J.: 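I'd like to ask some things about the structure below.
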Amino acid sequence: MVSVIYMVLATGMFFFQDAYFEVGGMELSLKNPCALGILLLALLNLTATVRLDRLLVLSRHTAVQVLPCLVPLVFSAAVWVQARAETSAVLLGVTMVIPQLLSVLVAAATLYLFGSKGVWYCLGAMCAANLAGILLVVYEGGLGAFLEEFYIMLVTFTSETGPLMERLETHDLAFAFGPFLLYLLLYWKKHTRPALWLVLTLLFFTIGLKRIAVLAIVLGLLTAALIRLLSEKAARQTALCAAGAMMAASFLYIAGIRYGLFELLETQLGLDTKGRVLMFNNVKPYYDINIAFMGKGTGFERYVDWMTGIQSPAPLRPQSQIHNDFLRMYLNVGFFGYWAWIWSWLGVRLRYWFRCGGKDAGCLFLGICVYCFVLYATDNTVYYPYTMTACALVPMACRLEELAKDALEKRCSQWSESGGDGLGFRR
């Protein structure tokens, strides 16, 4: 019964991305009640089952996974206080962070309900939501037209996309399949029915095909696979060195944009930057590359039309996006805030997964970070809730049962040594 309720809620959560309703004049996404329903389901299950072993491990996992969401909020709070920001600006920033936290909590709730098998329940719900969207498009546009557009999209590698395929081009869902692909490809022999899941994941990943996601998958897979060939200690040290290089590269990328990198790519190399030169030039007046830059606060980018550079007194929707999450984060939280965020996103969590989950979990997490690194450099992925759920769920599922058993045995041993009765009371 729990699995049926979960699948209904999770499928609805993934399907209703662009469905909204109003409460007191505030526009809310229909996916959020479904996500809250999953949390409620897990809470009710917790009161009935009290799986202490899973709870011990998932509480630690969740704390580590939400850290990169909370760090920008702390630095933004300092900016808001200093600038005496209006309540609306503060609420906008907070409401951007809440879906991130909700995504991680949904991942933890899924794993509490089903253990490591929660990966397949979540992936199954994603596939079901995609299938529902496809059937709806096929019903309205016709199977022949759908197949023709799908073929054209494949042979042109998304250079030509018809109206039916554009309706299925949900970036968040397409990107969310990436971590599951890495999980399947890296640990093929450890899964039940891996061929079935791989076919389904590849199919839906291809229908919502994003060229940058293909590159991101390849780089993430190669990085994780190569480092996994090393010994435990060498793999950890190499991964941390790679993380350091990625953090430095992200900052150099921001600095390069500030000092004309994309102008060089467009004028000297003749690359089509898709209007990024104009957009990044419009961003320049709002930030500096120096340690005194404190940032503008989370959510600031929604007040500016980046194709004109004109700031509005109220949030704009829809408006042009920056298409660079590293630059967006730097713009929002400043120099020190950015380094705190990038370290919490990559350095802190990578150390945790190698220490807690061993080489398998560490390499898998590094592969996911490389995947996200490519997306962050070119898109607006950091606030995508489905992608964040997948990125949190997959490493948290790695060796979950084994870690849960060890955690419970360790805690019981501690209780026994302290003279407790197993429930925390002394005899």
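Since this is a predicted model, take the numbers as computed values, not measurements. Quick note: numbers below take in every heavy atom, side chains included, and nothing from hydrogens, waters or symmetry partners.
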J.: Which of parallel (below 30°), tilted (30 to 60°) and perpendicular (above 60°) describes Tyr376 and Trp345?
T.: tilted
J.: Output yes when a side-chain donor or acceptor of Arg228 lies under 3.5 Å from a complementary backbone atom of Cys363, and no otherwise.
T.: no
J.: Quick check: closest heavy atoms across Gln65 and Met396, and the distance to 0.1 Å?
T.: CG-SD, 3.9 Å
J.: Check whether the side chains of Thr298 and Asn332 place a donor and an acceptor atom closer than 3.5 Å, and report yes or no.
T.: no
J.: Are Leu92 and Tyr303 packed together at the side-chain level, in the sense that at least one heavy-atom pair is separated by less than 4.5 angstrom?
T.: yes
J.: Between Phe175 and Tyr386, is the ring centroid distance below 6.0 Å?
T.: no
J.: Would a line drawn from the ring center of Phe114 to the ring center of Tyr121 be shorter than 6.0 Å?
T.: yes
J.: Do the side chain of Ser250 and the main chain of Met247 share a donor and acceptor less than 3.5 angstrom apart?
T.: yes
J.: Going by the angle between their ring planes, with limits at 30° and 60°, are Trp353 and Phe365 parallel, tilted or perpendicular?
T.: tilted
J.: Would you say the side-chain atoms of Arg54 pair up with the backbone N or O of Tyr112, donor to acceptor, closer than 3.5 Å?
T.: yes
J.: Any sub-3.5 Å donor-acceptor pair from Trp306's side-chain atoms to Asn281's backbone N or O?
T.: no
J.: Under a 3.5 Å cutoff, is there a donor and acceptor pairing between the side chains of Glu166 and Thr161?
T.: no
J.: Taking the six-membered ring for Trp, are Tyr338 and Trp341 parallel (under 30°), tilted (30 to 60°) or perpendicular (over 60°)?
T.: tilted
J.: Does Leu164 offer a backbone N or O that forms a donor-acceptor pair with the side chain of Glu149 under 3.5 Å?
T.: yes
J.: Less than 4.0 Å between a side-chain N and a carboxylate O, is that true for Arg167 and Glu140?
T.: yes
J.: Please round to the nearest 0.5 Å and tell me the distance separating atom SG of Cys69 and atom CD of Gln100.
T.: 4.0 Å
J.: When you measure from the side chain of Asp379 to the backbone of Leu375, do you find a donor-acceptor pair of N or O atoms at a distance under 3.5 Å?
T.: no
J.: Salt bridge or not for Glu402 and Lys405, using N-O below 4.0 Å?
T.: no
J.: Distance-only, no hydrogens or angles: does the Arg258 side chain make a donor-acceptor pair with backbone N or O of Tyr287 under 3.5 Å?
T.: yes
J.: What about the rings of Phe336 and Trp339, do their centers lie closer together than 6.0 Å?
T.: no
J.: Looking at residues at least two apart in the chain, or sitting in another chain, which of them share a salt bridge (charged side-chain N to carboxylate O under 4.0 Å, His left out) with Lys284?
T.: Glu263
J.: Would you check, one step at a time, whether the test side-chain hydrogen bond (donor to acceptor under 3.5 Å, both in side chains) holds for Arg51 with Asn45?
T.: CA-CA 9 Å; Arg51 297 186 178 96; Asn45 190 264; 2.6 Å; yes
J.: Who pairs with Lys359 by salt bridge (charged side-chain N to carboxylate O under 4.0 Å, His left out), at least two apart in sequence or on another chain?
T.: none
